[in-house]
Amino acid sequence: RHEKSMLFHSTPVKPESLEDLWENLSLKPANTPQVNISDSLSRRVINEVWQEQTIARLLQLVDLPLLEPLLEHQEIRPQLPQPRKGTGCVITSNYLDREILKAFSDSQTDEWLSAAIDCLEYLPDHMVVDISRNLPDQPDKADTWKLLLFENIGRYYGQKKEPLLSHASEIHSGIAELLVNGKMEQSLEAVQLYLKLLDSQVREEFRRLLYFMAVAAHNSELKLQKESDNRMVVKRTFCKAIINNKTLSRGKTDLLILFLVDHQKDVLKIPGILHKMVSNKLVALQKGQDPSKITGYTFCQKLDEREYRSNTEKTTKDELLSLLKAIDEDSKLSDKERKRLLGQFHSSNPSIFMQYFGDRVTNMCV
């Protein structure tokens, strides 16, 4: 702990933005590519690069009508309940109750209990006291106590006014659309990128709650409600605590929640592509390159002017032929309407018209 303290409390350095760094950097490249990034770039710059590249990659996967919510969400950070820590020399009965629960959890090999007790650090004292005073004294009462845990955690999160995933809610629709279309790999990466943008405190609370949800949902030994599947009970209980997006349909919200639960082990991992994008940009910054010219990872393929024009002409031609075919074969059009549309097409694109109809063109009255 002392070493960590020394690491993060070294000689104060004036915070740098990417613009400040560019103005002050020497244009002379580093002598060796193996440079310690943490020594040459400030923590602020590194964090800015992570956020910038995360957003850039996310926008390649999800259509977002407005970029502002994504850029502004970290500027407004609501005060969230923090995990309780030791209070030094002052030891209260509430603190003892929490320590008793922690000691009980450490003595167990039950994943369900450990996941649930980890969540209790965010609950208010009166709930924790009630749970602590009902610790099971007999092994056969363990399931009853687990249900009490689930009920209290569910009640606390059911009363939360702000869902954990409230930032840039427009992205919810994009991810849900990927899921609806069966694009599982893209969905997982989009979720990973979205969660990477979470404030660290919210991310930790979300990690604990999602872990508990996944364990409770997939545990077949403890039935949460007699007539319902555990996954459905977990979804109903914690849905609004995770996502409460009024612009998202109920079906898509449920789909997204269940995807998070079922992929709990993977959703908080960092995509390999993002690691590469960040690494490339940080190395380039160290070499004194202009940040605005570092594009990072892209799906685009470079074409020279001749190839670009050729591709453009071919694509335009193919689309026009497709349009003409649709007009010609649309059985819902009346003869009069079809003739009118064909006439308009012939006037603006006679060569395409001739190519499509060939010998039939002599029989066409347009």
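From a predicted model like this one, the values you see are computed outputs, not experimental measurements. Computed from heavy atoms alone, side chains included, the values below leave out hydrogens, waters and symmetry copies.
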Looking at side-chain heavy atoms only, is the closest gap between Val233 and Asp229 below 4.5 Å? no
* To do: Give a yes-or-no answer on whether the side chains of Lys317 and Gln355 include a donor-acceptor pair shorter than 3.5 Å.
  => yes
Here the gap from Leu285 atom CG to Asn280 atom CG, rounded to the nearest 0.5 Å, amounts to 11.0 Å
On a heavy-atom basis, the closest approach of Ala190 and Leu61 is N-CD1, 3.9 Å
Check your understanding: Donor-acceptor pair, Tyr122 side chain versus Arg208 backbone, under 3.5 Å?
Key -> no
Whether the side chain of Ser114 engages the backbone of Glu111 through a donor-acceptor N/O pair (distance < 3.5 Å, no angle test) should be reported. no
Q. Between the side chains of Asp199 and His167, does any donor sit under 3.5 Å from an acceptor?
A. no
Flag side-chain contact, heavy atom, 4.5 Å: Leu149 against Leu113:
yes
Margin query: Looking at His275, is its backbone amide N or carbonyl O close enough to the side chain of Ser279 to form a donor-acceptor pair, meaning the two atoms are under 3.5 Å apart?
Written below: no
So ring-ring contact (aromatic ring centres under 6.0 Å, His included) across residues 241-274, not counting sequence neighbours, yields Phe259-His263
Flag the pair Leu179 / Ser187 as yes when at least one side-chain heavy-atom distance between them is below 4.5 Å, and no otherwise.
yes
### Note, Gln264 side chain near Met213 side chain (heavy atom, < 4.5 Å)
no
Using side-chain heavy atoms (C-beta onward) and a distance below 4.5 Å, is Ile242 in contact with Leu209? yes
Do Leu282 and Gln286 have side chains that get closer than 4.5 Å, going by heavy atoms? no
Side chain proximity check, Val234 to Phe212, heavy atoms < 4.5 angstrom | no
**Asked** Given Lys183 and Glu177, is the side chain to side chain contact (heavy atoms under 4.5 Å, CB included) satisfied, shown in steps?
**Response** CA-CA 9 Å; Lys183 299 179 179 179; Glu177 201 62 35; over 6 Å; no
Whether Trp112 and Phe150 hold their rings parallel, tilted or perpendicular, with breakpoints at 30° and 60°:
tilted
With side chain to side chain contact (heavy atoms under 4.5 Å, CB included) as the criterion, how do Leu324 and Leu342 come out once you've worked through the C-alpha distance, each side chain's angles and the decisive distance to 0.1 Å? CA-CA 8 Å; Leu324 184 55; Leu342 289 175; 3.6 Å; yes
**Prompt:** Below 4.0 angstrom, N of the basic side chain to O of the carboxylate: do Glu52 and Lys281 qualify?
**Reply:** yes
Is there a donor in the side chain of Tyr157 and an acceptor in the side chain of Glu205, or the other way round, less than 3.5 Å apart?
yes
**Q.** Beyond-backbone contact of Leu147 with Leu222, side-chain heavy atoms, under 4.5 angstrom
**A.** yes
Minimal heavy-atom distance between Pro350 and Ser347, with the atoms involved, is CD-O, 4.2 Å
The reported gap from CD1 in Ile243 to CG in Leu260 (rounded to nearest 0.5 angstrom) is 6.0 Å
* List the steps and the verdict of side chain to side chain contact (heavy atoms under 4.5 Å, CB included) for Leu198 and Leu165. => CA-CA 8 Å; Leu198 281 175; Leu165 303 186; 3.9 Å; yes
inquiry  = Would the distance check show the side chain of Arg203 and the main-chain N or O of Leu268 forming a donor-acceptor pair, the cut-off being under 3.5 Å?
reply    = yes
Paired with Lys252, the side-chain contact (heavy atoms from CB on, under 4.5 Å) test is passed by just one of Leu256, Leu248, Asp254, namely Leu248
Exercise for review: Classify the side-chain pair Gln225/Arg236 by whether it contains a donor and acceptor separated by less than 3.5 Å.
Suggested key: yes
**Report entry** Flag, side chain of Asn219 to backbone of Val215, donor-acceptor distance under 3.5 Å
**Finding:** no
For this session: Just do the side chain to side chain contact (heavy atoms under 4.5 Å, CB included) check on Met127 and Asp130 with the steps written out, would you?
Result: CA-CA 5 Å; Met127 282 188 167; Asp130 180 51; 5.8 Å; no
Taking atom CD of Glu329 as the centre, report whether more than 12 heavy atoms of other residues, nucleotides or ligands fall under 6.0 Å from it.
yes
Across all chains, not counting sequence neighbours, the side chain to side chain contact (heavy atoms under 4.5 Å, CB included) partners of Lys223 are Asn230
When rounded to the nearest 0.5 Å, the distance separating CD1 of Ile257 from CG of Asp262 is 11.5 Å
Interatomic distance, CD1@Ile171 vs CG@Leu193, rounded to 0.5 Å, equals 9.0 Å
Output for pair (Lys240 NZ, Thr253 OG1), nearest 0.5 Å, gives 10.5 Å
On a heavy-atom basis, the closest approach of Leu148 and Ile131 is CD2-CA, 4.4 Å
Checking salt bridge (charged side-chain N to carboxylate O under 4.0 Å, His left out) for the pair Asp328/Lys325: CA distance, chi angles, key distance, verdict? CA-CA 5 Å; Asp328 183 39; Lys325 184 174 186 293; over 6 Å; no
One should read off an interatomic distance between Ile327 CD1 and Glu337 CD, to the nearest 0.5 angstrom, of 9.5 Å
- Item | Donor + acceptor pair across side chains of Asn47, Arg44 (<3.5 Å) | no
Residues Leu320 and Asn349: closest non-hydrogen pair is CD1-OD1, 3.6 Å
*Would you mind checking if Arg338 and Asp335 are paired as a salt bridge, meaning a charged N to carboxylate O distance below 4.0 Å?*
yes
Applying side-chain hydrogen bond (donor to acceptor under 3.5 Å, both in side chains) to Lys314 and not counting sequence neighbours gives Asp318
Under 4.5 Å between side-chain heavy atoms, hopping through other hydrophobics if needed: is there a path connecting Leu210 to Leu258? no
Quick check: is Leu224 connected to Met232 through a chain of hydrophobic side chains (ILVMFWY, heavy atoms under 4.5 Å apart)?
no
*asked:* Looking at Arg155 and Glu151, is any side-chain nitrogen of the basic one under 4.0 Å from a carboxylate oxygen of the acidic one?
replied: yes
